[in-house]
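See structure below.
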Amino acid sequence: MTDFNLYNTLTKKIELFKPNEDGKVKMYTCGPTVYHYAHIGNLRSYIMEDVLEKYLRYIGYNVKRVMNITDVGHLTSDADSGEDKMLKGAKREHKTVMEIAAFYRDAFFKDCDKLNIKTPDVIEPATNCIPEFIHMIEELLNKGYAYIAGGNVYFDTSKLKEYYVLSNQNEEELQVGARDDVEEDFNKKNKADFVLWFTKSKFDSQELKWESPWGMGYPGWHIECSCISIKHLGEYLDIHCGGVDNIFPHHTNEIAQSESYLGHKWCNYWFHVQHLNDKSGKMSKSKGEFLTVSLLENKGYNPLVYRMFCLQSHYRKPLLFSFDVLDNVKTSYEKLISRIAALGTDGEIMHDRTDEFRKQFNDAMGSDLNTSQALTVLYDVLKSDINDASKRYLIADFDKVLSLGLLNCNASVKKDIDAGLAETVEKLIAERNEARKDKDFAKADAIRANLLEKGIEIKDTREGTVWKVI
Ligand code: AMP
Ligand code: ZN
């Protein structure tokens, strides 16, 4: 198996990836809270997790990937306070919680499709697993890791030798971080304790409630990911993914619950994607208007341009979104697609040369998923002197991971790109012809050079000037 070095949030180091079982990877992803459309920040996380999954498959692993759908229990504050996000969505749109969940779940997967994000092998809504949650909570109570107070069941973080295994947070920082408008929960024995099951909801209008040994109620957010992961992937997990905001408290609490329940270490590698930010900070839904895939489409961007935007930077670096940068990526993407579309199919595949490029691609991706370097290798392939058949072969190969639709870019998109390109080229050729008529050869040469820079070669023939993408 090709070496794959990956940063692990748990050890805070880049490590050689080694799954529990040879050749198999068990991977879990925190899914969306389906109370609204996903914003393109959320989708940055899902794009980079998709790249991770596809690269593992590319180097030969058999990956089983599970994702939950949060359709209950995620409160507007991650600190067990605030309103249930699903209920908030239902109130906003005068629909039932289940209607909201179905609508935004479909919308999420439609967005994923447009971004070439593969659907995970298992998708499990939280509301499907209430008996499993109850069972895990009962076990945590039996083992002394949980307690009942004021009608709710809490996880007792003081029972753990080490609670803050993933993050550098501590109790003092938690207090500093607490917002004034967040009510303190006096049922908790320790500041960091969190709710496993609510029966005393602050919201009488909570629609979805289930019978439990502690009364009618609903689960906390964190319990769902521990249960759903163990249900489908067993007691030993290889990789758990999410955005960096999930590190604390969500993933910290998942580790606390799962390892207390199982009695051993649960997950070896934690993969976190840094945030997409806008000028005012982290992109989030609470800010009112937010950027979605549909909005990008309405503004004339192919969603894959956004995928390329994400691939151009490293997943562990914060990424600042701006339309100016997206415009530049759009131009590069369109040019890339046109150059690839102009490739022929002639020739035998030159395996020694393609192996060299594949090695370079693996060196990039195997170094903690260096996608921008992988894109450079793709450009190097296009610039190289290998024949078109070999170029096509490599592009198809790399695109198994990059998923930029490089060879099968949707026909209508390609037509648009070609039309746009043709228009620009024809305009410049007309300007050059004018310049030649006026004997302004310096200008004519400058236009030829400009076209060449854009990857367009022109030739003056008896029938007029012809051009091709090189
Ligand atoms: P949610 O639907 O709020 O549960 O979030 C879905 C995923 O998006 C989680 O993995 C979050 O960590 C991630 N996420 C949220 N905001 C951002 C952001 N601005 N940039 C990147 N990922 C984010
Ligand atoms: Zn989760």
Side-chain angles (χ1 to χ4, degrees), residues 9 27-52 65-78 82 84-86 88-89 100-101 104-105 107-109 111-112 115 117 120 123-126 129 133 166-167 194 219-233 237 239-258 266-267 270-287 290-293 306 309-310 313-321:
T9 313
M27 180 171 172
Y28 184 84
T29 301
C30 288
T33 309
V34 282
Y35 71 112
H36 217 320
Y37 292 106
H39 58 60
I40 59 171
N42 301 127
L43 291 160
R44 177 189 190 196
S45 288
Y46 294 111
I47 288 170
M48 300 317 295
E49 291 162 4
D50 181 65
V51 169
L52 169 64
R65 178 156 174 215
V66 176
M67 182 194 270
N68 66 307
I69 299 285
T70 301
D71 52 2
V72 67
H74 190 171
L75 304 184
T76 46
S77 157
D78 284 345
D84 185 302
K85 287 186 177 177
M86 294 303 300
K88 195 176 161 199
I100 289 286
Y104 287 113
R105 178 196 152 121
F108 172 74
F109 286 110
D111 286 347
C112 286
L115 291 163
I117 297 171
I123 297 162
E124 182 85 278
C129 301
F133 303 159
L166 270 186
S167 55
F194 54 93
W221 172 36
H222 317 297
I223 195 78
E224 67 177 89
C225 288
S226 291
C227 273
I228 292 174
S229 170
I230 293 169
K231 176 175 173 183
H232 293 288
L233 296 167
L237 184 62
I239 306 185
H240 195 309
C241 329
V244 284
D245 57 311
N246 282 163
I247 296 176
F248 185 83
H250 185 48
H251 290 166
T252 304
N253 291 349
E254 280 188 45
I255 295 176
Q257 298 160 156
S258 301
W266 172 47
C267 176
W270 288 82
F271 175 87
H272 291 106
V273 180
Q274 255 294 354
H275 282 147
L276 179 79
N277 298 317
D278 53 26
K279 271 183 273 156
S280 55
K282 175 190 169 229
M283 192 165 287
S284 78
K285 292 174 205 172
S286 51
K287 285 189 185 164
F290 55 86
L291 289 173
T292 59
V293 168
Y306 178 63
F309 173 91
C310 292
S313 62
H314 195 255
Y315 75 92
R316 280 198 292 125
K317 291 207 178 111
L319 180 57
L320 183 67
F321 180 81

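Note that ligands are numbered from 1 as they come in the structure, with each ligand's atoms numbered from 1 the same way.
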Checklist entry - Heavy atoms, side chains only, cut-off 4.5 Å: are C225 and H251 in contact? => result no
Item to check | Whether N68 side chain and G31 backbone form a donor-acceptor pair below 3.5 Å | outcome: yes
Checklist entry - Does a side-chain heavy-atom distance below 4.5 Å link E254 with S226? => result yes
Checklist outcome for this item: In this structure, atom 18 (C) of ligand 1 is nearest to the protein heavy atom H275 CD2, 3.3 Å
Checklist entry - Between H314 and R316, is there a donor-acceptor pair closer than 3.5 Å when you use the side chain of the first and the backbone of the second? => result yes
Checklist entry - Do the side chain of Y306 and the main chain of I40 share a donor and acceptor less than 3.5 angstrom apart? => result yes
Checklist entry - Has C225 got an N/O/S atom less than 2.8 Å from the Zn ion (ligand 2)? => result yes
Checklist entry - Do any N or O atoms from the side chain of E124 and from the backbone of C129 form a donor-acceptor pair under 3.5 angstrom? => result no
Checklist outcome for this item: The closest protein heavy-atom partner of atom 16 (N) of ligand 1 is K282 CE, 3.4 Å
Checklist outcome for this item: Counting from 1 in the order shown, the ligand 1 atoms closer than 4.0 Å to a non-hydrogen atom of S45 are 13 (C), 21 (C), 22 (N), 23 (C)
Checklist entry - H39: heavy atom below 4.0 Å from ligand 1, yes or no? => result yes
Next on the checklist: So for V273, does at least one of its heavy atoms come nearer than 4.0 angstrom to any atom of ligand 1?
Outcome noted: no
Next on the checklist: Just to verify, which of F290, Y104, F108 counts as forming a ring-ring contact (aromatic ring centres under 6.0 Å, His included) with Y37?
Outcome noted: Y104
Checklist entry - Do Q274 and L319 have side chains that get closer than 4.5 Å, going by heavy atoms? => result no
Item to check | H232 and I228: CA distance, side-chain angles, deciding distance, side-chain contact (heavy atoms from CB on, under 4.5 Å) verdict | outcome: CA-CA 6 Å; H232 293 288; I228 292 174; 4.0 Å; yes
Item to check | Ligand-residue contact atoms, ligand 1 with P32, heavy atoms, under 4.0 Å | outcome: 2 (O)
Checklist outcome for this item: In this structure, atom 21 (C) of ligand 1 is nearest to the protein heavy atom G41 O, 2.9 Å
Next on the checklist: Testing the basics here: between E49 and G243, what is the closest heavy-atom pair and its distance to 0.1 Å?
Outcome noted: OE2-N, 4.4 Å
Item to check | For G242, the ligand 1 atoms whose distance to one of its heavy atoms is below 4.0 Å | outcome: 10 (O)
Checklist entry - Under 4.0 Å from any heavy atom of N246, which atoms of ligand 1 are there? => result 9 (C), 10 (O), 11 (C), 12 (O)
Checklist outcome for this item: In this structure, atom 11 (C) of ligand 1 is nearest to the protein heavy atom D245 OD1, 3.4 Å
Checklist entry - Mind checking whether F321 and F309 have ring centres under 6.0 Å apart? => result yes
Checklist entry - Where is the nearest protein heavy atom to atom 2 (O) of ligand 1: which residue, which atom, and how far? => result T33 N, 3.0 Å
Next on the checklist: Below 3.5 Å, N or O to N or O, backbone or side chain included: is there any such pair between M283 and ligand 1?
Outcome noted: yes
Checklist entry - Taking the Zn ion (ligand 2) as the vertex, what is the angle from SG of C30 to NE2 of H250, given to 10 degrees? => result 120°
Next on the checklist: Geometry only, no angles: is W221 polar-contacting ligand 1 at N/O separations under 3.5 Å?
Outcome noted: no
Next on the checklist: I need the nearest protein heavy-atom contact for atom 14 (N) of ligand 1: residue, atom name and distance, please.
Outcome noted: N42 ND2, 3.5 Å
Item to check | Nearest non-hydrogen protein atom, atom 20 (N) of ligand 1 | outcome: L276 N, 2.9 Å
Checklist outcome for this item: the protein heavy atom lying closest to atom 6 (C) of ligand 1 turns out to be Y46 OH, 3.2 Å
Next on the checklist: Measuring from non-hydrogen atoms of T70 to any atom of ligand 1, is the shortest distance under 4.0 Å?
Outcome noted: no
Checklist entry - So, for P219 and I223, which heavy atoms are closest and what is the spacing to 0.1 Å? => result CB-CG2, 3.9 Å
Next on the checklist: Would V244 count as being in polar contact with ligand 1, using the rule that some N or O on each side must be under 3.5 angstrom apart?
Outcome noted: no
